[in-house]
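The structure appears right after this line, and notes come after that.
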Amino acid sequence: MWINGTTKSALVNHLGESISGAITIRAFGEEDRFFAKNLDLVDKNASPYFCNFAATEWLIQRLEIMSASVLSFSAFVMALLPRGTFSPGKQLYEHHAASIGQN
């Protein structure tokens with residue numbers, strides 16, 4: 001947060017001074033210079049977050065690849081298992097019937 005505060009204060013200060021001196025800036029034809037300075041300050045303010053966003057996107061991509069691999073491997077293994085290895089319908093029915101019977 002400290003970096004954000006120091007870079008944002010320069011940006012806000014420059015923007016405030018540009019707005020208050022807009023008439024003088026236009027009179028001397030310095031709009032392009034102030035616009036370029038404003039873009040430079042915006043870039044400096046956003047640059048600390050760029051690495052954070054890039055690392056987050058990298059991590060998300062790797063986690064999605066890992067989860068897709070685990071899901072694909074699990075589906076492949078379950079497809080290769082012989083019939084009757086799992087009977088989720090029967091176990092689910094018995095569990096549901098037991099929970100209703102207790103009430």
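Hydrogens, waters and symmetry mates play no part in the numbers below; they use all other heavy atoms, side chains included. When a residue number appears, it is its place in the shown sequence, counting from 1.
- Atoms NZ and CG, on K37 and D32 in that order, are 15.5 Å from each other to the nearest 0.5 Å.
- Across I25 and E31, no two heavy atoms sit closer than the pair CG2-N, 3.9 Å.
- Put simply, CG on L39 and CZ on F34 are 13.5 Å apart, with the number rounded to the nearest 0.5 Å.
- L63 is not listed as a side-chain neighbour of S67, based on a closest heavy-atom distance of 4.5 Å or more.
- Heavy-atom neighbours of I23 CD1 from other residues, nucleotides or ligands within 6.0 Å: at or below the threshold of 12.
- Residue R33 holds its CZ atom at 12.5 Å from CG of N38, rounded to the nearest 0.5 Å.
- For the pair D40/K44, a side-chain contact is recorded, criterion being any heavy-atom separation below 4.5 Å from C-beta on.
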